[in-house]
Trainee: 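Take this structure first; my questions come after.
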Amino acid sequence: MADPLIALVLLGLLLLCLAAGLWVALSLGVVALVALLAFSNAPAGLVLATTFWGHSHSWALTALPLFILMGEILLRSRLSNDMFSGLAPWLGRAPGRLLHVNVFGCAIFAAVSGSSAATAATIGRMSVPELTERGYPQSLILGTLAGSATLGLLIPPSIILIVYGVATEQSIARLFIAGVLPGVMLITLFAGYVAVRAWLNPELIPQEAKQFSFAERIKASRNLIPVALLIVGVIGSIYTGLASPTDAAALGVVLATLLAWLSGGFSWKLFMDALLSATRTSCMIAFILLGAAYLSVAMGFTGLPRNLATWIAEMNLSAPMLLFALTIFFIILGCFLDGISVVVLTTSIIMPMIAAVGIDPLWFGIYLVIVVEMSQITPPVGFNLFVIQGMTGINILEVAKAAFPFFLLLLVGVGLIAVFPQIVTYLPELMSR
């Protein structure tokens, strides 16, 4: 059977499994099993056993459950409320005023959680009631929250960057550092959009009743110190080379637990809740990764990735044209799958194509994460939309409509790193000198 026909059969089988409601991990395993049994001579059972064993004790993957646990601990602590009270006095006079709390609050929490959904839940639980009570427009409250929460996927420590690094054998530390400047770029785009909306339509933004003196702002800023210490402890230890991502993750869990306990209101029960929630999430991701690893090995036995890379090379397709096609492909795929599933599902097929046109896999990892961020705010499977809808009870299509401008801003971000790849590569190159 010709390679394109094999690819179509396997793709059709995968879509059928997903449409039937089968878990993503099991869907990947079924497709891999069929590929091995029908289109290769490899022993499917032996390949399954060796793949699962080989990918189940990756030391780099240890950072994943630790960063998830750190985010779950912070989700249940008072640090998010402290963050609001520390940011609000400084943003009361900015164009857009306290809407920027969503943008900068999400950025700060993303730098210590690594999860988009956790960022949306934590900041939203704090900001949505507060901003609604003060009279800010619902569309901007929901839009800034949904869009800015996607930063949890990009700003280190990013769970999805760990998954990409393990799947493609890239340095997780370099990926983390590569995500810093693109994260700052997106924060600037989001804050700039809010400011422009406020300038064009000043009556949208209510006046703040209380004006803070400089001394009061400095005093309120003390509430930001615990989160700042956590960010410096985790990211700083990686950048300076003092700790690997796994070591930094362990340090982050210890610091997060200590800070949550010192801030008050954090109990042994809440810690156990965080531990169980982190365990469930980690097991789900690990299961998907094992299924993806099995599919990746199966694809290798069928020869599809190699032949696909050869086909791409023979087409002489330029890197910009390939990226344009992949962007559309990932946006469509992201409408139906969560971000981690998109990454593990596609890397084994996409990476040979990327290598064939000479695209830096480090840069491609950041590009992929930004495109996957879009899937967090696109129906029907936008995780951030579900989180916000669950918190507010507002129709998910209304939330998606409010988030649409931020979807376009993420698209602008993709264009900027494509035109100026140094935004991604500058810090990793500096780090390796």
Trainee: Does Ile141 offer a backbone N or O that forms a donor-acceptor pair with the side chain of Thr144 under 3.5 Å?
Mentor: yes
Trainee: Do the non-hydrogen side-chain atoms of Arg197 and Leu99 ever get within less than 4.5 Å of each other?
Mentor: no
Trainee: Taking all atoms of both residues into account, what is the closest heavy-atom pair of Ala256 and Met70, and its distance?
Mentor: CB-CG, 3.7 Å
Trainee: Can you measure from CG (Leu175) to OG1 (Thr168) and round to the nearest 0.5 angstrom?
Mentor: 6.5 Å
Trainee: Find out whether Val103 and Ile187 are in side-chain contact, i.e. whether some heavy atom of one side chain is under 4.5 Å from a heavy atom of the other.
Mentor: yes
Trainee: Would you confirm whether Ser148, through its side chain, and Leu145, through its main-chain N or O, come within 3.5 Å as a donor-acceptor pair?
Mentor: no
Trainee: Students often mix this up, so state it plainly: with edges at 30° and 60°, are the rings of Phe404 and Phe407 parallel, tilted or perpendicular?
Mentor: parallel
Trainee: As an exercise, state the distance from CD of Gln138 to CD1 of Ile394, rounded to the nearest 0.5 Å.
Mentor: 3.5 Å
Trainee: For Phe324, I'd like to know if atom CZ has over 12 heavy atoms of other residues, nucleotides or ligands within 6.0 Å.
Mentor: no
Trainee: Which pair of non-hydrogen atoms, one from Val30 and one from Cys17, has the smallest distance, and what is that distance?
Mentor: CG1-SG, 4.0 Å
Trainee: Side chains of Val371 and Tyr367: closer than 4.5 Å at any heavy-atom pair?
Mentor: yes
Trainee: Does any part of the side chain of Leu255, heavy atoms only, come nearer than 4.5 Å to the side chain of Leu229, both counted from C-beta?
Mentor: no
Trainee: Mind checking whether Leu14 and Leu10 have side chains closer than 4.5 Å, heavy atoms only?
Mentor: no
Trainee: Are Leu36 and Tyr294 close enough that some pair of their side-chain heavy atoms sits under 4.5 Å apart?
Mentor: yes
Trainee: Can you check whether Phe330 reaches Val372 side chain to side chain, under 4.5 Å on heavy atoms?
Mentor: no
Trainee: Could you walk me through whether Ile366 and Leu161 pass side-chain contact (heavy atoms from CB on, under 4.5 Å), step by step?
Mentor: CA-CA 8 Å; Ile366 302 302; Leu161 283 178; 4.0 Å; yes
Trainee: Between Leu326 and Phe364, is a side-chain contact (heavy atoms from CB on, under 4.5 Å) present by the stated rule, with each step listed?
Mentor: CA-CA 11 Å; Leu326 287 178; Phe364 184 76; 4.0 Å; yes
Trainee: Of all the heavy-atom pairs spanning Ile423 and Pro182, show the shortest one and how long it is.
Mentor: O-CD, 3.5 Å
Trainee: Out of curiosity, Leu322 CG to Ile354 CD1, how far, rounded to the nearest 0.5 Å?
Mentor: 5.0 Å
Trainee: Looking at Gly183 and Ile155, what are the two nearest heavy atoms and their distance?
Mentor: CA-CG1, 4.1 Å
Trainee: Shortest non-hydrogen contact from Ala146 to Ile377?
Mentor: O-CG2, 3.4 Å
Trainee: How long is the gap from OG1 on Thr150 to CG on Leu154, to the nearest 0.5 Å?
Mentor: 8.0 Å
Trainee: Within the structure provided, determine whether Leu275 and Leu69 are in side-chain contact (heavy-atom separation under 4.5 Å).
Mentor: yes
Trainee: Provide the closest heavy-atom pair for Ala298 versus Ala35 in the form atom of the first, atom of the second, distance.
Mentor: CB-CB, 4.3 Å
Trainee: Do other residues, nucleotides or ligands put more than 12 heavy atoms under 6.0 Å from Glu203 CD?
Mentor: yes
Trainee: Val194 vs Phe190, test: side-chain contact (heavy atoms from CB on, under 4.5 Å). Steps then yes/no.
Mentor: CA-CA 6 Å; Val194 172; Phe190 294 162; 5.9 Å; no
Trainee: Are Leu189 and Tyr193 close enough, and set up right, to give a side-chain contact (heavy atoms from CB on, under 4.5 Å), and what steps lead you there?
Mentor: CA-CA 6 Å; Leu189 287 174; Tyr193 170 77; over 6 Å; no
Trainee: How many angstroms lie between atom OG1 of Thr327 and atom CD1 of Ile370, to the nearest 0.5 angstrom?
Mentor: 10.5 Å
Trainee: Return the CD1 to CG distance between Ile160 and Leu368, rounded to the nearest 0.5 Å.
Mentor: 7.0 Å
